[in-house]
Amino acid sequence: MITLTQITKSFGSLQVLKGIDLHIDRGEVVSIVGPSGAGKTTLLQIIGTLDRPDSGSVCVDGIDTTTLSQKALADFRNRHLGFVFQFHQLLPEFTALENIMIPAYIGGKGSKQAKERAIELLQFMGLSDRASHKPAELSGGEKQRVAVARALINSPAVILADEPSGSLDTRNKQELHQLFFDLRDRYGQTFVIVTHDEELAALTDRTLHMRDGKWVTSPNP
């Protein structure tokens, strides 16, 4: 599903990633942990095609993304990848339902199809009664569940999450963590999660430890 081969990345004279190899199977929930500055978010951005490596290859869902043009990468992201950030990044002027539908519109889906899918996801998230509410009218946990639904709207193969529970209280963290596994069981997505949350990391199928741009131990079982 995801295969990284000898990924390197530098910013000026600072080498952030130092020859990263990794394979993740379809349907795995994998967490990446390590101290600040270890290279976790940079690696996630490269997997998500938001940044390019200096060298190495990135294969996601059978496609070598390092060979794609910028236009092809944008289309690939929309169709194959979903993103969940620490802060939900919802657009304040749109309702929960509209926020979820936006990536579907970008992907060329019609209004009827996008709305039906968004309603299905809101039901799964337990947010049917919040569809017409704007972000300012939602709790922190509700906003993050809407963000997860938005990431799922185009049925991507991979969900990439960067500190997804970092801004939530304990109860909402636990609900969000359980949601990831419920989604994997329901829709079959592969999850790659960068986190400092030891509770979440302990729940995942594999926990990978990074330090100074390298794996602390072999990333593969």
Side-chain angles (χ1 to χ4, degrees), residues 1-5 7 9 16-17 20-34 36 38-53 56-66 68 72-90 99-100 102-104 106-107 121 125 143-168 173 176-177 179-184 186-197 200-201 203-210 215 219:
M1 162 51 62
I2 300 172
T3 301
L4 309 181
T5 305
I7 297 298
K9 182 68 178 181
V16 178
L17 299 177
I20 293 290
D21 293 317
L22 177 63
H23 179 78
I24 297 174
D25 289 328
R26 188 178 300 276
E28 270 197 287
V29 179
V30 174
S31 57
I32 301 175
V33 302
S36 297
K40 306 182 300 297
T41 293
T42 299
L43 181 63
L44 197 74
Q45 290 174 337
I46 287 173
I47 296 172
T49 75
L50 297 172
D51 200 356
R52 290 184 182 270
S57 64
V58 181
C59 290
V60 180
D61 208 15
I63 297 172
D64 185 349
T65 63
T66 57
L68 300 179
L73 276 176
D75 182 66
F76 178 86
R77 276 193 297 272
N78 181 261
R79 295 178 182 275
H80 294 267
L81 303 174
F83 297 88
V84 181
F85 304 99
Q86 178 174 354
F87 301 102
H88 47 81
Q89 308 289 359
L90 300 178
N99 266 284
I100 294 168
I102 289 170
I106 293 171
L121 289 167
M125 302 289 172
K143 290 174 187 176
Q144 199 62 308
R145 280 184 281 163
V146 170
V148 172
R150 179 183 57 190
L152 289 163
I153 186 71
N154 288 335
S155 301
V158 179
I159 301 293
L160 303 171
D162 192 358
E163 298 288 358
S165 59
S167 63
L168 301 179
K173 279 184 181 183
L176 182 67
H177 295 171
L179 176 62
F180 289 152
F181 295 94
D182 292 344
L183 289 168
R184 188 263 301 272
R186 172 75 173 267
Y187 297 112
Q189 265 90 16
T190 302
F191 282 80
V192 184
I193 305 167
V194 163
T195 184
H196 283 101
D197 193 304
L200 173 55
L203 293 172
T204 58
D205 299 325
R206 274 193 292 158
T207 301
L208 311 179
H209 297 266
M210 285 191 80
W215 299 123

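Here the closest heavy-atom approach between residue Thr207 and residue Ala201 is recorded as OG1-O, 2.8 Å. Annotation for Ala38 and Gly34: closest pair CB-C, 4.4 Å, computed over non-hydrogen atoms. Counting all heavy atoms, side chain and backbone alike, Thr42 lies closest to Lys9 at CG2-CG, 3.9 Å. Shown here for Pro156 and Ala151, the closest heavy-atom pair between the two residues is CG-O, 3.2 Å. Among all heavy-atom pairs drawn from Trp215 and Ile20, the shortest one is NE1-CG2, 3.7 Å. In plain terms, the two heavy atoms of Gln189 and Leu183 that are nearest each other are OE1-O, 4.1 Å.
In terms of the salt bridge (charged side-chain N to carboxylate O under 4.0 Å, His left out) criterion, residue partners of Asp205 (sequence neighbours excluded) are, by chain and number, Arg184. For Ala149, the side chain to side chain contact (heavy atoms under 4.5 Å, CB included) partners two or more places apart in sequence, or in a different chain, are Ile100, Leu121, Met125. Judged as a side chain to side chain contact (heavy atoms under 4.5 Å, CB included), and not counting sequence neighbours, the contacts of Leu203 are His177, Phe181. Taking Asn154 as the reference, Asn78, Pro103, Ala104, Lys109 meet the side chain to side chain contact (heavy atoms under 4.5 Å, CB included) condition, with sequence neighbours excluded. In this structure, the salt bridge (charged side-chain N to carboxylate O under 4.0 Å, His left out) partners of Arg26, at least two apart in sequence or on a different chain, are Asp61. Residues forming a ring-ring contact (aromatic ring centres under 6.0 Å, His included) with Phe180 (at least two apart in sequence, or on another chain): Phe191.
Contact of the Ile24 side chain with the Arg206 side chain is registered, since non-hydrogen atoms from C-beta on lie closer than 4.5 Å. With contacts defined as side-chain heavy-atom distances shorter than 4.5 Å, the pair Leu17/Met210 qualifies. For the pair Lys40 and His196, the minimum side-chain heavy-atom distance is below 4.5 Å. Leu160 is listed as a side-chain neighbour of Val192, based on a closest heavy-atom distance under 4.5 Å. Inter-residue side-chain proximity for Leu4 and Leu43 is flagged as met; some heavy-atom pair is nearer than 4.5 Å. Side-chain atoms of Thr3 and His23, non-hydrogen and from C-beta on, do get closer than 4.5 Å to each other. At least one side-chain heavy atom of Arg150 sits under 4.5 Å from a side-chain heavy atom of Leu90. Side-chain contact between His80 and Thr49 is absent, with no heavy atoms from C-beta onward closer than 4.5 Å.
Electrostatic pairing of Asp75 and Arg79 counts as a salt bridge here, judged by a charged N lying under 4.0 Å from a carboxylate O.
Atom-to-atom distance recorded for Thr41:OG1 and Ile32:CD1 is 9.0 Å, nearest 0.5 angstrom. Taking CD1 of Ile2 as the start and CG of Leu22 as the end, the distance is 7.5 Å to the nearest 0.5 Å. Here the CG-CG distance, from Leu44 to Asp162, works out to 5.5 Å after rounding to the nearest 0.5 Å. Taken to the nearest 0.5 Å, the CG atom of Leu73 stands 10.0 Å off from the CD1 atom of Ile63.
No side-chain donor-acceptor contact under 3.5 Å links Gln45 to the backbone of Arg52. A side-chain donor-acceptor contact under 3.5 Å links Thr190 to the backbone of Gly27.
Using modelled atom types, one finds no donor on one side chain facing an acceptor on the other under 3.5 Å when comparing Ser57 with Thr66.
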Apply side-chain contact (heavy atoms from CB on, under 4.5 Å) to residues Val158 and Leu81 and explain how you reach the verdict. CA-CA 5 Å; Val158 179; Leu81 303 174; 3.8 Å; yes

Take Val33 and His209, measure what side-chain contact (heavy atoms from CB on, under 4.5 Å) needs, and give me the verdict at the end. CA-CA 5 Å; Val33 302; His209 297 266; 3.2 Å; yes

